[in-house]
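Accompanying notes for the structure given below.
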Amino acid sequence: MGHIYPRLKELRIQNSLTQKEIAAILDIDPHLYGRYERGERNIPILLVAELADRYQTSVDFILELTDDPKPHPPK
């Protein structure tokens, strides 16, 4: 079983998006995205990075490595 990242769902809901809409943005199957949210599959780090950019936060925040939602400064 994968890791459960509750912030995936929290951020999606805060941004008024459905799983289907996020899946379309990520160009993946909606069922696969649902599995990521439920922790049935590990989400690839590249998708986490894309979501962090979309939600204007950091990968660390999504992965619950920090409680600071501010994005890291760009390189």
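Numbers here are sequence positions counted from 1. Worth knowing before you read on, the calculation uses all heavy atoms, side chains too, and leaves out hydrogens, waters and symmetry mates.
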Indicate yes or no: at least one non-hydrogen side-chain atom of L51 is less than 4.5 angstrom from one of L11.
-> no
Minimum side-chain heavy-atom gap Y36-N42 below 4.5 Å | no
Between P71 and T57, what is the shortest heavy-atom contact and its length?
-> CB-O, 3.6 Å
Are I45 and L8 connected in a single hydrophobic cluster, I mean Ile/Leu/Val/Met/Phe/Trp/Tyr linked by side-chain heavy atoms less than 4.5 Å apart?
-> yes
Nearest atoms (heavy-atom pairs only) where A52 meets S58 = CB-C, 3.7 Å
Side chain of R38, backbone of G34: donor and acceptor closer than 3.5 Å?
-> yes
All N/O donor-acceptor pairs, side-chain side in residues 17-28, below 3.5 Å, sequence neighbours left out:
residue: T18; atom: OG1; partner: K20; partner atom: N; Å: 3.4
residue: T18; atom: OG1; partner: E21; partner atom: N; Å: 3.0
residue: T18; atom: OG1; partner: E21; partner atom: OE1; Å: 3.4
residue: Q19; atom: NE2; partner: E37; partner atom: OE1; Å: 2.9
residue: E21; atom: OE1; partner: T18; partner atom: N; Å: 2.8

Contacts of D29 meeting side chain to side chain donor-acceptor pair (under 3.5 Å) (sequence neighbours excluded), chain-then-number -> H31
Can you give each donor-acceptor pair under 3.5 Å made by side-chain atoms of residues 60-67, sequence neighbours left out, with the distance rounded to 0.1 Å?
residue: D60; atom: OD2; partner: H72; partner atom: NE2; Å: 3.4
residue: T66; atom: OG1; partner: D68; partner atom: N; Å: 3.1
residue: D67; atom: OD1; partner: R7; partner atom: NH2; Å: 2.8

